[in-house]
Amino acid sequence: MAAANNNNSSGSKYASKKQNGRRNVQPFNRDTQIKNPSKIIRFNDPNEDDDVSNRLLKGDVVTYKSLKSRANELLRVRKTLPVYQHKSEIMPYINANPVTVLIGETGSGKSTQIPQFILEQIYDKKKHGSIAVTQPRRVAAINLATRVAQEHGCKLGDQVGYSVRFDNTTTAKTRLKYLTDGMLLRELMMNNNLKEYSVIIIDEAHERTVLTDLILGFLKSLIQGPRPDLKIIVMSATLQAEKFSEFFNNAPILFVEGRKFDVSQYYLKAPTDDIVDAVIRCCIQINQGEQLGDVLCFLPGQEEIDKAVTIMEKIAKYVSDETSVPLLIPYPLYAALPPVQQALVFAPVKGFKRKVIFSTNIAETSVTISGVKFVVDSGLRKVKVWRHQLGLATLLTVPISQASAMQRSGRAGRESEGKSFRLYCEPDYLKLPKQSEPEIARSDVTSPVLMLKRYGINDIVNWTWFENPGKEAIIMGLQELYELGALDTRGNITKRGEQMALLPLQPHLSSVLIKASEVGCLSQVIDIISCLSVENLMLNPSPEERDEVNERRLSLCNAGKKYGDLIMLKELFDIYFYELGKSQDANSERNDWCKGLCISLRGFKNVVRVRDQLRVYCKRLFSSINEENEEARKIGENGDEISKILKCFLTGFIKNTAIGMPDRSYRTVSTGEPISVHPSSMLFLNKSCPGIMYTEYVFTTKGYARNVSRIELSWLQEVVTNGTAVAKQKISSSK
DNA sequence: GAGCACTGC
């Protein structure tokens with residue numbers, strides 16, 4: 001309520017250029033960011049007009065003639081894009097250099113136009129070969145391919161197509177393929193030289209995902225070795241051009257301006273220690289002093305967002321007077337939110353109201369909301385940081401980088417001029433790191449190391465890493481793979497390792513799957529692993545319905561109640577897959593069931609797709625698969641069968657075990673640290689387990705085990721097999 | 001006895 005009382009202090013808390021004459025920090029001030037400007041060739045944006053493109057997208061295109069006429073219409077729009085205007089200046093650089101770095105701001109048209117220019121050249125010169133364009137996210141690959149196919153005047157899958165997991169529209173005719181980073185890496189694993197491509201374009205390289213970084217490393221070793229003819233273009237929205245250029249032997253950097261509206265910056269005069277309170281106050285101030293337009297607030301996590309929404313719901317009617325200032329309507333937005341609630345964010349509000357969206361980083365890159373004119377930035381985000389020595393992930397709330405702050409502010413200037421309110425002081429902004437730490441520097445690299453091994457790299461430490469994760473991380477990854485049986489004592493990849501590298505799973509889960517195929521419970525384990533592979537399958541119930549939902553889950557899962565979350569997932573899967581969906585109205589039946597248990601229906605649909613894919617892969621990989629093993633099966637309450645399944649998981653997660661203490665707490669087998677069962681677990685209330693196994697160990701306020709199962713202590717010795725000498729030693733010493 | 005940001009095969 002404090003926020004409401006103080007709202008008439010008339011905006012004086014924020015300093016702006018106009019008020020005190022301080023320098024207004026402009027987003028994307030490239031002159032101060034790029035060190036060596038002589039190396040950069042710049043193009044400005046001579047044309048600011050673009051409004052018909054979206055209208056032209058509507059309506060179905062069927063005949064060849066209509067495809068072509070649509071493409072002709074779109075050509076007028078294409079010609080206004082900055083990249084198109086500078087085509088004749090850009091293309092000679094691309095043609096003359098094996099690698100080009102292209103910095104294109106939002107709206108420059110780089111992702112849609114550059115690939116088409118190259119495609120035209122391939123046609124003109126009657127050359128062979130095709131173009132791959134990688135994207136970090138699936139939706140981006142799909143949307144870009146759809147748009148470019150229209151511009152090109154073809155059906156999706158003819159000359160232009162996309163390839164993402166579960167969905168491949170490419171055909172033998174396809175010459176321009178948009179695909180996810182993960183898909184290109186998979187192709188690299190299957191066909192070492194990417195020989196079908198003559199040009200590879202890495203888009204959104206500035207995001208620095210683990211997979212993008214890996215691809216850059218592979219491309220460098222390709223052009224230095226078997227593919228000197230391969231042309232590479234690294235495309236990035238902002239900055240970091242020097243690093244890409246240096247990595248590829250000082251490749252030229254081209255800079256194309258984009259189209260965006262000005263966003264003015266406002267900073268706090270004094271720092272705040274209650275970020276939720278500050279965000280609410282700021283929203284109220286915007287509501288009273290600014291023209292109509294929606295507000296997007298960036299907060300670090302679900303906890304802060306839920307709190308902010310609750311407060312605003314309570315005070316909105318007190319701080320709004322419908323005759324003078326609009327009513328504030330709060331919306332939460334984060335990935336774990338049920339899809340139906342996420343969708344509310346996109347619907348415009350009617351009447352004299354102002355939408356206020358409280359969001360995590362999801363709105364920074366993955367999701368774009370129209371109507372946003374104001375951004376409120378807490379300057380914080382949550383990151384998962386992997387601790388190699390401890391084998392656990394920590395979840396930290398940390399300050400964002402300058403690049404991230406600019407990206408957040410930019411969200412206010414997508415449709416018109418906007419304002420950005422940063423809830424920190426300007427000197428503190430200037431002290432922030434220019435870029436966020438790349439993901440690979442804070443991740444578990446077991447999976448990347450396995451990819452490199454499968455590719456045939458011996459000296460992992462000295463590989464052409466775009467960003468070397470460090471010797472320590474690599475050694476931990478190698479040791480992990482050795483303990484999983486993927487590497488032999490000399491560090492060479494084993495047959496098991498080859499199989500693990502080809503499965504679309506993290507190495508630990510691949511190892512579990514292979515074990516299951518050996519002992520004859522493959523089908524059940526596939527179902528469980530499919531559930532584990534889908535993010536946000538089990539949603540968090542709201543505090544009011546929490547007890548009810550937990551009660552319902554417990555009453556449905558008899559075996560899960562005793563044996564834990566992995567078995568519960570299988571029980572739920574069995575109900576979803578075998579029992580529901582037989583009636584006429586299968587969809588609504590499944591929908592109601594999911595709602596009652598606070599489970600994501602979309603999640604379960606993905607589980608089934610993952611399951612189908614894994615069954616196909618397993619058939620291909622395991623030649624000795626027997627009939628009984630292959631047959632899909634429901635789980636019963638048979639203790640022997642359940643033990644067999646859990647022991648399979650123990651081969652992959654032997655390190656993730658803890659022993660029950662006399663005081664009913666748990667301590668980890670590997671380090672003896674205290675660990676608690678996460679409140680979302682079936683075993684949260686069950687204090688009678690001799691030991692537990694978990695698939696995830698996260699440290700927040702304390703160490704939590706997630707996806708927890710009951711194990712017998714005798715299993716620990718029993719399960720230790722090939723290559724797990726280290727784990728074995730640790731188990732004996734901790735006993 | 002109390003809660004996890006985002007993405008990919």
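Just so it is clear, the model here is predicted, and its values are computed rather than measured. First the proteins, then the strands, lettered A, B, ... as listed; each starts at 1.
Residue contacts for Gln302(A): at a heavy-atom cut-off of 4.0 Å it reaches the sugar-phosphate backbone alone, with no base atom in range. Residue-level contact check: Ser676(A) touches neither bases nor backbone, having no heavy atom under 4.0 Å from any strand. Note on Val210(A): nothing from the nucleic acid sits closer than 4.0 angstrom, heavy atoms only. When heavy atoms are screened at a 4.0 angstrom cut-off, Phe684(A) is found touching base atoms of the nucleic acid. Residue contacts for Leu685(A): at a heavy-atom cut-off of 4.0 Å it reaches a base atom on one of the strands shown. Contacts of Lys702(A) with the nucleic acid, taken as non-hydrogen atoms under 4.0 Å apart, involve only primed sugar atoms and P, OP1 or OP2. Within 4.0 Å (heavy atoms only), Arg138(A) reaches sugar-phosphate atoms of the nucleic acid but no base atom. In this structure, Thr180(A) reaches the sugar-phosphate backbone alone: every heavy-atom distance under 4.0 Å involves primed, P, OP1 or OP2 atoms, never a base. Counting any heavy atom pair closer than 4.0 Å across all strands shown, Arg664(A) reaches no nucleic acid atom. Among the heavy atoms of the strands lying under 4.0 Å from Arg137(A) are primed sugar atoms or P, OP1, OP2 only; no base atom is included. When heavy atoms are screened at a 4.0 angstrom cut-off, Thr700(A) is found touching the sugar-phosphate backbone but no base atom. Within 4.0 Å of Glu364(A), counting heavy atoms only, lies no atom of the nucleic acid at all.
Looking at which nucleotide of DNA chain B each of Leu505(A) and Arg442(A) is closest to, the 5′-most match is held by Arg442(A). With the nearest nucleotide of DNA chain B identified for both Val383(A) and Pro679(A), Pro679(A) has the one nearer the 5' end.
Considering only residues two or more places apart in sequence or on other chains, Arg553(A) meets the salt bridge (Lys or Arg N to Asp or Glu O under 4.0 Å) condition with none of them.
Judged by distance alone, the side chains of Ser530(A) and Arg609(A) never bring a donor and an acceptor atom under 3.5 Å apart. Tyr162(A) and Asp167(A) form a side-chain donor-acceptor contact under 3.5 Å, judged by distance and modelled atom types alone. No side-chain N or O of Thr212(A) forms a donor-acceptor pair with one of Glu204(A) less than 3.5 Å apart.
Cation-pi contact between Lys243(A) and Phe466(A): present, with separation from the ring centre below 6.0 Å and deviation from the ring axis of at most 45°. By the 6.0 Å and 45° rule, Arg422(A) stacks over the aromatic ring of Tyr429(A). Both tests hold for Arg620(A) against Tyr617(A): distance to the six-membered ring centre under 6.0 Å, angle to the ring axis within 45°.
In the 5' to 3' direction, nucleotides of DNA chain B lying under 4.0 Å from heavy atoms of chain A begin and end at dG1(B) to dC9(B).
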